[in-house]
Amino acid sequence: MIEHDPYYKKRIAYTLRGQPFQFDVGHTIFSSFEIDDGTDLLLRSVEPAQDPTRILDLGCGCGVIAITMARRFPEAAVVAADKDLLAVRYARANAHLNAVAHVQILGSVGLEAVPPGPYDLIFSNIPAKIGDLAIEQEFILGPLSQLRPGGEYWFVVVSGLNHLIPRIGVRNQLKLKEIKKRSGYTVYRCVRSEMP
């Protein structure tokens, strides 16, 4: 299986809410030594107002968020997308490894190839080095447009982006809340406004 993949690096064990998971990672995939602190903080912070029926993980990497949320919310349809096709390969293998069948994993630059919403929950570990405009358009406003009214977008950023995220929130009149900070990362939740 994936162990014979020339990019294979190692298998990472991870536990969330008492549930054990394993993730195979490749050499060039983001956070290939362990589950990164930002993703871990996000996963341990998430408390949605209601159980979701549709979930999106944008920039899924090797599938950690999508797979753990699929296990947590077994009735939900989960979509995971990443621009890196090697990440997509590993996310698919990891869904199989963790016996999570209800995850659709696809290659997509931003939302380009993602099935349209509405989604109840969207997640992202926002990449820090793509530029302020791309963060605002592709990783804040784009995902929000795919939420149902009252839907929640949970995301984590490196603390270096803490100057930018609140400004985007104010400029676009978003219902944005800082949830938790730890070891250089900040988790935010943004709720899509109910229709008037």
Side-chain angles (χ1 to χ4, degrees), residues 9-26 29-82 84 87-88 90-106 114 119-128 135 139-140 143-144 146-147 151-162 165 176-192:
K9 183 171 189 173
K10 66 184 284 192
R11 180 167 287 179
I12 298 170
Y14 182 65
T15 302
L16 181 69
R17 300 168 72 92
Q19 292 273 318
F21 296 90
Q22 296 183 84
F23 297 98
D24 288 339
V25 293
I29 299 174
F30 171 73
S31 189
S32 60
F33 289 98
E34 60 185 359
I35 305 305
D36 76 283
D37 288 339
T39 296
D40 180 62
L41 181 63
L42 175 64
L43 290 171
R44 294 184 190 286
S45 301
V46 170
E47 289 300 338
Q50 60 188 70
D51 285 359
T53 56
R54 289 189 83 204
I55 296 173
L56 171 63
D57 176 7
L58 187 60
C60 67
C62 70
V64 175
I65 295 173
I67 290 164
T68 55
M69 288 298 124
R71 178 89 56 83
R72 181 171 170 185
F73 301 109
E75 303 302 313
V78 180
V79 175
D82 201 286
D84 183 335
V88 170
Y90 274 79
R92 286 176 177 159
N94 285 327
H96 180 76
L97 178 64
N98 289 282
V100 173
H102 58 292
V103 180
Q104 177 187 1
I105 300 162
L106 45 90
V114 170
Y119 291 91
D120 303 297
L121 274 180
I122 298 179
F123 297 98
S124 190
N125 184 335
I126 296 179
I135 289 171
F139 279 90
I140 304 289
L144 281 173
Q146 297 302 308
L147 281 173
E152 300 176 36
Y153 179 27
W154 290 75
F155 60 91
V156 63
V157 296
V158 294
S159 293
L161 293 178
N162 282 337
I165 302 302
L176 179 69
K177 183 177 182 185
E178 181 184 298
I179 301 297
K180 193 173 277 188
K181 280 185 179 178
R182 185 181 80 199
S183 57
Y185 294 91
T186 306
V187 171
Y188 292 90
R189 182 190 68 221
C190 196
V191 179
R192 183 166 183 184

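- Closest approach of Leu41 and Ser45 over heavy atoms only: O-OG, 2.6 Å.
- Note that the OH atom of Tyr188 and the CG atom of Leu176 stand 7.0 Å from one another [nearest 0.5 Å].
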Atom pairs and distances, donor-acceptor, side-chain atoms in residues 154-161, under 3.5 Å, two or more places apart:
{"unit_1": "Trp154", "atom_1": "NE1", "unit_2": "Glu152", "atom_2": "OE1", "d": "2.8"}
{"unit_1": "Ser159", "atom_1": "OG", "unit_2": "Gly184", "atom_2": "O", "d": "3.0"}
{"unit_1": "Ser159", "atom_1": "OG", "unit_2": "Tyr185", "atom_2": "N", "d": "3.4"}

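- At least one donor-acceptor pair under 3.5 Å links the side chain of Asp36 to the backbone N or O of Gly38.
- Shortest non-hydrogen contact noted between Leu58 and Pro143 is CD2-CG, 3.7 Å.
- Proximity of Phe139 to Pro127: side-chain heavy atoms (C-beta onward) are separated by under 4.5 Å at one or more points.
- By the side chain to side chain contact (heavy atoms under 4.5 Å, CB included) test, Ala81 pairs with Leu106, Ser108, Val114, sequence neighbours left out.
- In terms of heavy-atom proximity, Leu121 sits nearest to Pro52 at CD1-CG, 3.6 Å.
- Remark: the backbone N or O of Phe23 is not paired with any side-chain donor or acceptor of Asn94 at under 3.5 angstrom.
- Scanning for side chain to side chain donor-acceptor pair (under 3.5 Å) contacts around Thr53 gives Asp120, with sequence neighbours left out.
- The side chain to side chain donor-acceptor pair (under 3.5 Å) search around Thr186 returns Asn162, not counting sequence neighbours.
- Side-chain contact check for Met69 versus Ile65: some heavy-atom pair is nearer than 4.5 Å.
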Check: residues 12-22 side-chain donor-acceptor pairs under 3.5 Å, at least two apart:
{"unit_1": "Tyr14", "atom_1": "OH", "unit_2": "Asp40", "atom_2": "OD1", "d": "2.7"}
{"unit_1": "Arg17", "atom_1": "NH1", "unit_2": "Glu47", "atom_2": "OE2", "d": "3.4"}
{"unit_1": "Gln19", "atom_1": "OE1", "unit_2": "Arg71", "atom_2": "NH1", "d": "2.8"}

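- You'll find the side chain of Val64 stays beyond 4.5 Å of the side chain of Phe123, heavy atoms only.
- Using a 4.5 Å heavy-atom cutoff, the side chains of Val78 and Asp57 are not in contact.
- Residue Cys62 comes nearest to Ile67 through the heavy atom pair O-CD1, 4.3 Å, listed as atom of the first residue, atom of the second, then distance.
- Separation of atoms CG (Leu144) and CD1 (Ile122) is listed at 7.5 Å; rounding is to 0.5 Å.
- Applying the side chain to side chain contact (heavy atoms under 4.5 Å, CB included) rule to Ala91 yields the partners Cys60, Ile105; only residues at least two apart in sequence or on another chain are considered.
- For the residue pair Ile55 and Phe73, the shortest heavy atom distance occurs at CD1-CD1, 4.0 Å.
- The heavy-atom pair separating Ala80 from Val103 by the smallest distance is CB-CG1, 4.4 Å.
- Contact check for Ile165 versus Ile140: side-chain heavy atoms found under the 4.5 Å cut-off.
- Using a distance-only test at 3.5 Å, with no hydrogens or angles considered, no donor-acceptor pair links the side chain of His102 to the main chain of Glu75.
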